[in-house]
Amino acid sequence: EFIYIGCLRDDIPLADQDAVAQALLESYNCVPAFLPPDIAERYYHGFCKQHLWPLFHYMLPLSPDLGGRFDRALWQSYVSANKIFADKVLEVINPDDDFVWVHDYHLMVLPTFLRKRFNRIKLGFFLHSPFPSSEIYKTLPVREELLRALLNSDLIGFHTFDYARHFLSCCGRMLGLSYESKRGHICLEYYGRTVSIKILPVGVNMGQLKTVLALPETEAKVAELMATYSGKGRVVMLGVDDMDIFKGISLKLLAMEELLRQHPEWRGKLVLVQVANPARGRGKDVDEVKGETYAMVRRINEAYGAPGYEPVVLIDEPLQFYERVAYYVVAEVCLVTAVRDGMNLIPYEYIVSRQGNEALDRMLQPSKPEEKKSMLVVSEFIGCSPSLSGAVRVNPWNIEAVADAMESALVLPEKEKRMRHDKHYRYVDTHDVGYWATSFLQDLERTCKDHAQRRCWGIGFGLRFRVVSLDLSFRKLAMEHIVMAYRRAKTRAILLDYDGTLMPQAINKSPSANSVETLTSLCRDKSNKVFLCSGFEKGTLHDWFPCENLGLAAEHGYFLRSSRDAEWEISIPPADCSWKQIAEPVMCLYRETTDGSIIENRETVLVWNYEDADPDFGSCQAKELVDHLESVLANEPVSVKSTGHSVEVKPQGVSKGLVARRLLASMQERGMCTDFVLCIGDDRSDEEMFQMITSSTCGESLAATAEVFACTVGRKPSKAKYYLDDTAEVVRLMQGLASVSNELARAASPPEDDDE
């Protein structure tokens, strides 16, 4: 059962709105969103057509004439219109069972309003226009609000991989999100929610087209057109476009002019019929396109026309659908030269029309009705181009190349035309609009199937609202909960990562005085054994942390020291670092070719860090570097790992998990029965600690009643059961525990005698 929510073109008086809404719902399952006339004008003709539509078609507002400068009032109307749509959806939705499918750039912030009201809503979005490259998109002042709104969908659909790639690039560059492919499906993790990306071009309504082809008026129109053109030995080339700046009508006319200039043999025979539908937008640019088109048609017809022959026939009044189909039927070639178009179904409609039916076949080819043929010349900048492998693809800006393509489409051997037509028709027939819709809804259902198994809550204000979705067993570490366990415990083990956990990722990596003071307070408590695990060198950690009883693990656990006055030990047999002579030249090569990257050469670890490089290029280079290093170091006792913004090579067997195991085992050997373990980290290397302290292996080193807290920084898939949002929360937690230790110490110390 489907319910359609949309707008009416006419303004309905307030008194009649309820009656109109009731009639539409009962007769057509339609729910109208009544937009006040002022909002409707600013929303559709303002923000949609002056800002989003030009920008998504690669037109920057470099001057007031080109699309118009950003206007905050138009944006507010856009948001208001989306809110009205949201209210209509909320009137009719059953959130537990229903799926919502939002269409196109007119409703890009609607997902945020719906997700805000129902955190687990099952929501898909399909963009029918192009999505521009990040260089174009990031000029939009509300770029982040629109991206975050789209990411409030569960499934986002695009016509082509190019459009999806641009969207993913924007998410990476502006929001820091990375994507991956899971069993063939492209996915983004967004605050614990999985947002899937669907790439599938829309199809045509085969049933509707076949019905129109069979109409008597279609047959009559075909007969009339055949008498007008075929009967006089004319060959028809057809263009069907909206009269707007992106459809490339003028480029098509220039190519036609060039063809007639280069090939005089086609003069008097070839006719370009250009059907110009009214533009959906309005303004100065539309008027300019019209004026230019009329002038060019006049010029070509004056130069190459003859009595009874016009090379270009311009039809600028609206055609009935059956009339358009009749033109498709008689056209030998269909020509689409749009400079940018989201999809464009004209080629698909043309192919189906040329397939025809028995009655039309007998009219067109009485001798060989079974031989169907069609030829397409299409711009490489339209969404349907990748799916039409038999079409002649052109760069519409290259007039000579388009003219050559038009001529080659006309003179191609008949057998070749039939083969190309058959291939196209098989695709269009099996990938119709029903297939597209069913496929999208199946993917939406698959993406939403685990909604009920997750805990959700909303964060953020306005259009920055998003939903955090977590596994039922993964929850935020509550201060009250851990403080109670900390107070109860007699022997505590605390394992902390440094960079990204106690200290945010920053240029200055050294700890603040407050962090050092907090660690000193924790180490002063005789019940605590605190260990700091880091990738930094031992000398650096020694200088940064002058705390007496603080245990340190340097270079991811290769070097260990239980307190400041203890000697450094190594966790595995001494490593031979001769592998560096192989690895360092390879890293140097990638440093030279990746601007912003650096190499950190530590005693036993070699790191290529690209956090200051371009994120896309850095990530791409990191994957290459991992492959390169793994191949040249295949026989060396080292492991190569990729982390957030770096590639590390370190001796095999070194891990933070080993540090955790050694700490707990040494405490057990000293007769300490550990009944509280807290482990906090932020990246992949810390997952080894989480796995170790929650495993049965470590369980033997702990008291039977021990409470274990494995906590990651940031909401993300992890082996930890708890999370904290950021380093500021980690520091607050440590300060809280330090103050409890100070309080317990004061309570335990004997009171001083008062002076008599």
How many angstroms lie between atom [atom1] of [X] and atom [atom2] of [Y], to the nearest 0.5 angstrom?
{"X": "Arg193", "Y": "Ser153", "atom1": "CZ", "atom2": "OG", "answer": "7.5 Å"}
{"X": "Leu25", "Y": "Glu91", "atom1": "CG", "atom2": "CD", "answer": "10.5 Å"}
{"X": "Leu62", "Y": "Arg69", "atom1": "CG", "atom2": "CZ", "answer": "7.5 Å"}
{"X": "Leu225", "Y": "Glu323", "atom1": "CG", "atom2": "CD", "answer": "9.0 Å"}

*Could you go step by step and tell me if Val100 and Leu110 meet the side-chain contact (heavy atoms from CB on, under 4.5 Å) rule?*
CA-CA 11 Å; Val100 181; Leu110 179 55; 5.9 Å; no
Using the ring of each side chain (for Trp, its six-membered ring), is [X] parallel, tilted or perpendicular to [Y], with breaks at 30° and 60°?
{"X": "Trp53", "Y": "Phe246", "result": "perpendicular"}
{"X": "His103", "Y": "Trp101", "result": "tilted"}
{"X": "His106", "Y": "Tyr43", "result": "perpendicular"}
{"X": "His128", "Y": "Phe126", "result": "tilted"}

Does [X] have more than 12 heavy atoms from other residues, nucleotides or ligands lying within 6.0 Å of its [atom1]?
{"X": "Glu445", "atom1": "CD", "answer": "no"}
{"X": "Tyr137", "atom1": "OH", "answer": "yes"}
{"X": "Asp18", "atom1": "CG", "answer": "no"}

*Before accepting this row, confirm whether a basic side-chain N of the pair Lys290/Asp316 lies closer than 4.0 Å to the acidic partner's carboxylate O.*
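Not counted as a salt bridge, because no side-chain N and carboxylate O are separated by less than 4.0 Å.
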*Is it true that a side-chain atom of Arg148 and a backbone atom of Leu146 form a donor plus acceptor pair closer than 3.5 Å?*
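No, Arg148 side chain to Leu146 backbone: no donor-acceptor pair under 3.5 Å.
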*Can you name the one residue among Tyr163, Phe125, Phe161, Phe56 that meets ring pair (Phe, Tyr, Trp, His ring centres under 6.0 Å) with Phe131?*
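Of the listed residues Tyr163, Phe125, Phe161, Phe56, the ring pair (Phe, Tyr, Trp, His ring centres under 6.0 Å) partner of Phe131 is Phe56.
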_Tyr348/Met343 under side-chain contact (heavy atoms from CB on, under 4.5 Å): CA gap, chis, key distance, verdict_ = CA-CA 10 Å; Tyr348 287 9; Met343 182 60 197; 3.5 Å; yes
*Closest approach of Asn152 and Leu123, non-hydrogen atoms and distance?*
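Smallest heavy-atom distance, with atoms named: O-CD2, 3.7 Å.
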*Nearest heavy-atom pair of Leu127 and Tyr105: which atoms, and what distance?*
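Taking Leu127 first and Tyr105 second, the nearest heavy atoms are CD1-N, 3.8 Å.
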_Verdict with supporting geometry, Asp162 and Arg165, salt bridge (Lys or Arg N to Asp or Glu O under 4.0 Å)_ = CA-CA 5 Å; Asp162 269 355; Arg165 183 168 56 85; 2.8 Å; yes
*Give the intermediate values and the outcome of side chain to side chain donor-acceptor pair (under 3.5 Å) for residues Ser374 and Arg354.*
CA-CA 6 Å; Ser374 62; Arg354 288 290 284 180; 5.6 Å; no
*asked:* As a test of understanding, state which of Arg454, Arg446, Arg115, Lys198 forms a salt bridge (charged side-chain N to carboxylate O under 4.0 Å, His left out) with Asp154.
replied: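 Single pass found, and it is Arg115.
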*Give the C-alpha distance, both sets of side-chain angles, the deciding distance and a yes or no for side-chain contact (heavy atoms from CB on, under 4.5 Å) between Leu175 and Leu151.*
CA-CA 11 Å; Leu175 304 178; Leu151 289 167; 3.5 Å; yes
*Would you sort out whether Tyr294 and Arg298 count as a side chain to side chain donor-acceptor pair (under 3.5 Å), showing the intermediate values?*
CA-CA 6 Å; Tyr294 295 142; Arg298 204 161 43 243; over 6 Å; no
